[in-house]
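This is a predicted model, so every value here is computed, not measured. We're numbering straight along the sequence, starting at 1.
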Amino acid sequence: MTTIASGTDTLTRDALTVLQPGFTGTTAPDWLLRRLGEGLASVGLFGRNIASPEQLAALTAQLRAERDDVLVAIDEEGGDVTRLEVRTGSSFPGNHALGAVDDVDLTRQVAAELGRRLAACGVNLNWAPSADVNSNPANPVIGVRSFGADTALAARHTAAYVTGLQSAGVAACTKHFPGHGDTAVDSHHALPRIDADASVLTERELAPFRAAIAAGTRAVMSAHILVPALDPDRPATLSRAVLTELLRGELGYTGLIVTDGMEMQAIAATYGIERGSVLAIAAGADAICVGGGLADDETVRRLRDALVTAVREGDLPEARLAEAAERVRELARWTTATTADAAEARPDIGLVAARRALRLTGAGSFTPLTGAPYVAAFTPVANIAVGDETPWGVAAELAGLLPGTRTGSYTGEDATRAALEAAGDRRIVAVVRDEHRHPWMATALDDLLTARPDTIVVEMGVPQAAPRGALHIATHGAARVCGRAAAEVIAGQ
């Protein structure tokens with residue numbers, strides 16, 4: 001594709017304004033700063049961009065020196081999906097743990113503290129919370145990112161999260177519209193399909209989004225899912241019926257609509273990112289999220305030129321692109337004009353929530369450990385949203401409470417034999433994650449408990465499998481604080 005313009009005319013500036021690209025490194029590259037000067041209005045941050053709060057604050061200051069109203073977005077859900085603490089694990093439990101506690105004031109406090117930390121680092125747009133109702137227990141991508149399978153619970157906690165996050169001056173981006181909970185496919189890899197009828201969708205999937213809109217969410221993120229009851233031909237991100245007629249029309253939403261990552265295979269492998277971006281804006285989206293996988297100036301140029309060409313060739317109304325760009329600027333004005341509530345910092349609130357989220361089975365007859373155990377982590381492949389760079393489990397936290405704790409990670413058919421051999425005569429703590437979704441894991445745990453019935457089991461995913469073991473601890477998530485809370489129980493702290 002030929003480069004279209006120098007970046008100074010209104011059409012080209014609008015095309016840049018609707019993009020939310022990423023980049024590599026912990027300082028802003030020259031190309032990104034140049035694009036901000038040409039009209040780019042948003043930047044997306046990921047774990048690769050963050051080394052410390054101080055570094056992140058310096059990075060966002062660098063961006064604002066080029067454009068003071070830039071939207072700095074991040075995918076910081078807390079819990080399993082963390083970018084602020086990608087190398088250590090999150091100080092906040094995720095949605096499923098908050099849903100397990102079911103205290104909306106606690107959810108609001110957790111979101112407010114997370115928002116306070118983001119704001120302190122110069123981040124003003126968070127691609128969270130996940131409002132998906134986890135109605136399919138086999139869902140490979142949502143799981144503990146959801147508040148739960150109960151629609152009313154998900155709705156009230158979504159609203160509380162939005163309220164808390166935005167009280168800190170950080171815009172919430174409620175996702176993944178119209179609801180990604182009833183899928184068995186990860187949209188990072190392929191296009192999922194939800195075959196529920198319209199009445200089910202209205203009562204189940206849409207309720208948390210209605211609650212978020214009522215709470216004033218400043219942004220909503222679309223899902224790369226095909227929902228035939230709403231549009232039999234195009235996925236939600238590219239569907240006018242979903243984004244304009246349903247979200248804008250029926251639900252009355254007036255804020256920013258952001259796409260999920262356009263490089264995800266559900267879009268990239270079926271439409272391509274250029275055509276997909278044009279179709280998304282035409283359907284009613286206002287901002288194109290790209291940069292989780294593609295993170296360079298060439299991607300920005302390709303998408304900018306695709307949008308400009310589409311307008312010039314009559315495939316995208318210029319007024320629709322201008323409207324989308326204006327919504328981006330409107331959100332930027334909100335972030336610069338909003339004053340955060342003067343609430344006192346609650347640095348301990350994440351651990352408080354994680355402790356309250358624990359569900360214990362067998363605690364009545366359990367004697368806390370005094371000797372250093374062996375932690376056998378039965379480890380599934382992490383989904384892309386979570387990533388495999390973030391540590392999880394209980395071993396590190398147990399080692400702090402019971403020095404000498406040893407650990408190993410196991411997978412596949414040989415997991416039990418290898419774990420037993422490595423453990424020797426130490427007490428075993430078996431850590432699993434979504435056991436119900438992994439037959440090999442369930443078999444390994446059964447075999448381990450047959451050989452060592454005194455094994456302690458810690459389930460750090462969605463606790464669907466029957467509790468078993470000398471003590472079973474369901475943490476409802478794998479954040480660092482969830483591991484800490486479980487370790488305290490095991491060590492009697």
Side-chain angles (χ1 to χ4, degrees), residues 75 77 80-81 95-96 127-149 151 154 158 173-209 220-243 246-247 257-273 275-277 279-280 283-285 288-290 292-293 380-387 434 436-438 461-462 464:
D75 195 10
E77 299 177 14
D80 291 31
V81 180
N95 286 1
H96 205 56
W127 293 317
S130 169
D132 308 297
V133 179
N134 199 51
S135 53
N136 183 353
N139 195 312
V141 67
I142 301 300
V144 295
R145 301 167 67 196
S146 166
F147 288 110
T151 299
T158 296
C173 182
T174 305
K175 61 188 183 185
H176 306 80
F177 188 83
H180 207 312
D182 191 19
T183 60
V185 172
D186 183 344
S187 52
H188 291 89
H189 302 298
L191 179 62
R193 176 185 175 114
I194 294 180
D195 285 312
D197 63 35
S199 62
V200 171
L201 294 169
T202 296
E203 295 301 318
R204 186 179 66 188
E205 268 71 19
L206 298 184
F209 291 97
V220 168
M221 178 176 282
S222 67
H224 302 331
I225 56 175
L226 186 67
V227 188
L230 302 178
D231 187 330
D233 301 315
R234 287 186 174 170
T237 293
L238 312 183
S239 171
R240 179 175 176 80
V242 173
L243 299 187
L246 176 59
L247 181 53
I257 299 177
V258 183
T259 72
D260 207 343
M262 295 302 285
E263 69 271 41
M264 293 164 62
Q265 291 303 296
I267 298 297
T270 52
Y271 294 87
I273 63 168
R275 181 166 179 252
S277 296
L279 291 174
I288 301 295
C289 175
V290 65
V381 175
N383 71 59
I384 291 177
V386 173
D434 289 341
H436 67 286
R437 291 201 303 109
H438 304 284
V462 178
Q464 288 284 320

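Taking all atoms of both residues into account, the shortest heavy-atom contact from Asp434 to Gly461 is OD1-CA, 3.2 Å. Scanning both residues, Gly143 and Asn134, for their nearest heavy atoms gives N-OD1, 3.4 Å. Shown here for Pro208 and Thr158, the closest heavy-atom pair between the two residues is O-CG2, 3.7 Å.
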Quiz item: Where do Leu206 and Phe177 land on the side chain to side chain contact (heavy atoms under 4.5 Å, CB included) test, with the steps shown first?
Solution: CA-CA 8 Å; Leu206 298 184; Phe177 188 83; 3.8 Å; yes
Exercise. Could you give me the CA-CA distance, side-chain angles and deciding distance for Ser222 and Leu243, then say whether side chain to side chain contact (heavy atoms under 4.5 Å, CB included) is met?
Key: CA-CA 8 Å; Ser222 67; Leu243 299 187; 4.0 Å; yes
Self-check item: Chi angles and distances behind the side chain to side chain contact (heavy atoms under 4.5 Å, CB included) call for Leu230, Leu246
Solution: CA-CA 9 Å; Leu230 302 178; Leu246 176 59; 3.9 Å; yes
Self-check item: Audit row: Asn95, Arg145, side chain to side chain contact (heavy atoms under 4.5 Å, CB included) steps and yes/no
Solution: CA-CA 5 Å; Asn95 286 1; Arg145 301 167 67 196; 5.7 Å; no
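Asp80 contributes no side-chain N or O that, together with a main-chain N or O of Val144, makes up a donor-acceptor pair within less than 3.5 Å. Proximity of a side-chain donor or acceptor of Ser239 to a complementary backbone N or O of Arg234 within less than 3.5 Å is not detected. For Gln464 (side chain) and His436 (main-chain N/O), no donor-acceptor pair under 3.5 Å exists by modelled atom type. Put simply, the side chain of His224 gets close to the backbone of Gly261: a donor and an acceptor are under 3.5 Å apart. A donor-acceptor distance shorter than 3.5 angstrom exists from the side chain of Thr259 to the backbone of Cys289, with no hydrogens or angles considered. Under a 3.5 Å cut-off, the side chain of His176 and the backbone N or O of Asp260 do not form any donor-acceptor pair. In this structure, Asn136 contributes its side chain and Ala138 its backbone to a donor-acceptor pair below 3.5 Å. Under the 3.5 Å distance criterion, the side-chain polar atoms of Thr237 are matched with a main-chain donor or acceptor of Ala223. Panel note: side chain Lys175, backbone Trp127; a donor-acceptor pair is recorded below 3.5 Å. Without hydrogens or angle criteria, Glu77 side chain to Ser130 main chain gives no donor-acceptor distance under 3.5 Å.
Interatomic distance, Tyr271 OH to Leu279 CG, rounded to the nearest 0.5 Å: 7.5 Å. With values rounded to the nearest 0.5 angstrom, Asp132 atom CG is found 4.0 Å from Ile142 atom CD1. The distance from atom CG of Asp231 to atom CG of Leu226, rounded to the nearest 0.5 Å, is 7.0 Å. Atom CD1 of Ile273 sits about 11.5 Å away from atom CD1 of Ile267, to the nearest 0.5 Å. Of the inter-residue distances, the one linking His180 atom NE2 with Ile225 atom CD1 reads 6.0 Å to the nearest 0.5 angstrom.
In this structure, the salt bridge (Lys or Arg N to Asp or Glu O under 4.0 Å) partners of Asp195, at least two apart in sequence or on a different chain, are Arg193. Applying the salt bridge (Lys or Arg N to Asp or Glu O under 4.0 Å) criterion to Arg204, with sequence neighbours excluded, gives Asp182.
Contact annotation: the side chain of Leu191 approaches that of Pro235 to within less than 4.5 Å [non-hydrogen atoms, C-beta and beyond]. Residues Thr151 and Glu203 form no side-chain contact, since every pair of their non-hydrogen atoms from C-beta on lies 4.5 Å or further apart.
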